[in-house]
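For reference, the structure is listed below as structure tokens.
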There are 2 protein chains.
Amino acid sequence: MKSDTVFKQAFNQTLDLLSAAGTGAALPSENALSADLGVSRTTVRKVLFQLAKRGYIAGQGRNRVVASAVPDGAHFPHTETIATAQQVEVHFMEWMLRGQAQPGTQINELELARVFGVGTTGIREFLNRFRRFGLIVKRPNAGWVFMGFTREFAMELFEIREMFELRSARALAQLPDNAAIWHRLRTIEQQHRDLLNEIDARYQDFSDLDNRFHRLINSAAPNRFIDDFYDIITLIFHYHYQWNKRDERARNAVAIHEHLEYIQALLSRDLERVQAACSLHLASARATMLAAFDAA
Amino acid sequence: MKSDTVFKQAFNQTLDLLSAAGTGAALPSENALSADLGVSRTTVRKVLFQLAKRGYIAGQGRNRVVASAVPDGAHFPHTETIATAQQVEVHFMEWMLRGQAQPGTQINELELARVFGVGTTGIREFLNRFRRFGLIVKRPNAGWVFMGFTREFAMELFEIREMFELRSARALAQLPDNAAIWHRLRTIEQQHRDLLNEIDARYQDFSDLDNRFHRLINSAAPNRFIDDFYDIITLIFHYHYQWNKRDERARNAVAIHEHLEYIQALLSRDLERVQAACSLHLASARATMLAAFDAA
DNA sequence: AAATTGTTTTTTATCGATAAGTGAAAACAG
DNA sequence: CTGTTTTCACTTATCGATAAAAAACAATTT
């Protein structure tokens with residue numbers, strides 16, 4: 001049976017909307033809510049029906065109003081709003097990075113299904129999608145093997161990353177003056193400066209900024225295969241940042257300075273300088289990740 | 001229920017082995033057969049049991065011999081030896097390239113399942129794996145959309161291909177003299193010359209040779225992400241060759257000449273020349289594919 | 001003792017069923 | 001007649017069951 005996480009999440013979001021609107025306020029139309037919450041109107045109606053049943057809203061049809069303040073425990077628990085497929089991803093990454101999953105470990109679908117509390121179909125589907133990250137390999141009729149998040153994996157990942165990013169940086173530097181990207185580049189430059197000013201308090205925000213910065217560069221000349229590859233980078237870095245906390249503040253400060261020089265290079269449109277700044281930053285990022293392997 | 005295609009294929013292969021050995025010959029051990037056929041010993045035993053039941057082999061345990069010539073109709077039909085998952089791939093590519101699948105077409109899991117004669121799980125698994133080829137996109141809870149095998153898709157594909165292959169060709173040219181690859185390069189060079197000599201009769205063999213040649217170049221400096229990408233190339237080209245028959249003989253002859261020059265360049269170890277030959281060939285391959293779009 | 005065969009236990013591939021969710025036509029209100 | 005709600009037919013997400021295939025273990029044979 002399908003889980004009703006979509007409904008529960010929409011329900012919780014609508015609860016927040018009610019609180020914001022306050023008692024007596026009229027509700028938006030079902031269509032408006034549907035567009036707002038990003039779910040079908042069918043689900044919106046289910047939410048509205050439940051809200052009415054609990055007395056948080058009153059009225060019928062187009063005369064619905066907020067009837068009472070929403071009590072504290074009205075929301076569904078956060079865990080019930082996460083689709084099975086997403087739960088599997090989180091669990092699996094945890095299992096892989098934190099657990100004692102050695103290279104060569106066999107992955108047992110049934111066991112994972114039991115441990116994660118989902119059906120085997122969910123596991124199977126996840127593994128099939130996850131395969132493209134290059135960390136697991138399938139042997140037909142005989143299960144999956146975990147290849148290990150190894151130094152070699154990181155090296156191969158970075159080789160492609162450098163190839164792609166140099167290409168995108170070059171393309172970006174050659175865009176015309178009136179391209180929308182220059183404004184976005186200035187914006188993200190400012191965000192770097194802001195972060196640098198509060199580096200002691202906010203250094204953990206760098207992970208997200210880093211991701212947005214590199215995706216911006218890749219958006220200069222879109223290519224679906226490069227975008228796809230960036231999903232891999234994002235995932236790996238996301239979990240790597242959670243896992244490797246050593247010297248985090250210092251590392252991030254260095255990276256921000258490299259980004260700023262990289263941005264200056266792009267703004268200058270000097271191809272030589274762009275390539276130099278790009279290579280320098282990527283080499284440094286690679287060294288950081290490889291150092292984590294040597295330490296472990 | 002799992003289909004028994006593994007068994008049926010192993011059965012057919014063993015039948016051929018019996019014919020080759022001739023009546024009275026002793027059978028290899030179960031372990032040897034298992035390694036030979038690439039299936040588990042469990043399956044080998046099932047095959048042997050069925051062969052004995054039909055009277056093609058006689059004797060027990062380690063004293064089994066070929067008992068009689070295998071009649072003509074003894075094999076399982078070819079279609080029964082193809083796993084569901086593979087059937088889906090063939091059907092789907094057919095549907096996509098030959099059928100009237102326009103960009104933006106919705107893909108209906110249930111309908112495909114009916115048309116292809118498999119369960120929905122099989123379709124779902126295929127679509128999830130096929131997603132990485134960049135031709136379909138998923139909208140959660142609302143099915144898949146076919147993006148179209150468009151000119152743009154081909155351009156993006158080729159951009160990456162050229163990046164990767166130039167990198168691999170450069171790496172290959174810099175390998176030491178005693179690397180095993182030089183011998184393999186000479187071998188494949190000869191295969192090109194052989195094909196060229198019989199081009200009128202065998203021009204259709206080029207597709208396979210082309211694939212092996214480019215994979216050989218990529219094997220010079222292995223990278224799992226490049227290997228993965230080459231799976232996409234292989235699949236697309238495989239079906240493209242089946243679909244675009246216009247001027248096939250002439251196109252293939254040109255490509256063989258380009259390969260030969262490319263090989264000479266590699267053997268010469270002259271980086272400039274390698275890059276020139278590689279670029280020339282890839283540009284020509286790209287033009288060929290794009291021409292197919294303009295014609296359609 | 002090493003290789004081979006016999007037996008049992010695990011694990012994967014595949015199907016069908018069903019509640020949750022979507023989308024669009026039909027009905028309705030202002 | 002335009003925007004909204006009602007209704008309903010169709011689709012996806014997810015589970016559990018089951019036969020096929022693999023793997024592990026035990027018993028023989030040379």
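Treat the numbers as computed from the prediction; the structure is a model and nothing was measured. Residue numbering restarts at 1 for every chain, and letters A, B, ... go by the order of the sequence lines.
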Subject >> Ring centre gap for F149(A) and F133(A) strictly below 6.0 Å >> reply: no
Spacing between [X] atom [atom1] and [N] atom [atom2], to the nearest angstrom:
X       : N       : atom1 : atom2 : value
L127(B) : dT11(D) : CG    : P     : 15 Å
W144(B) : dT22(C) : CH2   : C1'   : 17 Å
M1(B)   : dG16(D) : CE    : C1'   : 16 Å
L37(A)  : dG21(C) : CG    : C1'   : 14 Å
F126(B) : dT14(C) : CZ    : C1'   : 17 Å
L33(A)  : dG3(D)  : CG    : P     : 18 Å
I82(A)  : dT14(D) : CD1   : C1'   : 17 Å
E30(A)  : dA27(C) : CD    : P     : 18 Å

Contacts of G119(A) and R114(B) projected onto DNA chain D by closest heavy atom; the upstream (5') one is R114(B)
Whether [X] contacts [N] is assessed here as follows: a side-chain N or O lying under 4.0 Å from the phosphate OP1 or OP2. Is that the case?
X      : N       : result
N63(B) : dT5(C)  : no
T84(A) : dT14(D) : yes
S3(A)  : dT14(D) : yes

*asked:* Heavy atoms only, 4.0 Å cut-off, all strands: where does I107(B) land among base, sugar-phosphate and nothing?
replied: sugar-phosphate
Base, sugar-phosphate, or nothing: which does K8(B) touch, judged by heavy atoms less than 4.0 Å apart? nothing
Salt bridge or not between [X] and [Y]? Use side-chain N to carboxylate O under 4.0 Å.
X       : Y       : value
R132(B) : D231(A) : no
E30(A)  : R64(A)  : yes
R212(B) : D208(B) : yes

Closest to the 5' end of DNA chain C, once A83(B) and P28(B) are matched to their nearest nucleotides, is P28(B)
- request: Return the orientation label for the F126(A) and F130(A) ring planes: parallel under 30°, perpendicular over 60°, tilted otherwise.
  value: parallel
Only residue of L18(B), L17(B), N63(B) satisfying side-chain contact (heavy atoms from CB on, under 4.5 Å) with L27(B) is L18(B)
Closest heavy-atom pair, K138(A) versus R131(A), reported as atoms and distance to 0.1 Å, is CD-NH2, 3.6 Å
*Is there a donor on the side chain of R62(B) or the base of dT4(C) sitting less than 3.5 Å from an acceptor on the other?*
yes
Of dG6(C), dT4(D), dT14(D), the nucleotide closest to the side chain of N31(A) is dT4(D)
Considering only heavy side-chain atoms of T121(B), the closest of dA20(C), dT5(C), dG16(C) is dG16(C)
N/O to N/O distances under 3.5 Å, protein versus nucleotides 22-24 of chain D:
unit_1	atom_1	unit_2	atom_2	d
dA22(D)	OP2	S40(B)	N	2.9
dA22(D)	OP2	S40(B)	OG	2.6
dA22(D)	OP2	T43(B)	OG1	2.7
dA22(D)	O5'	S40(B)	OG	3.4
dA22(D)	N7	T42(B)	OG1	2.9
dA23(D)	N6	T42(B)	OG1	2.9

Side chain to side chain donor-acceptor pair (under 3.5 Å) filter on Q106(A), not counting sequence neighbours, yields R139(A)
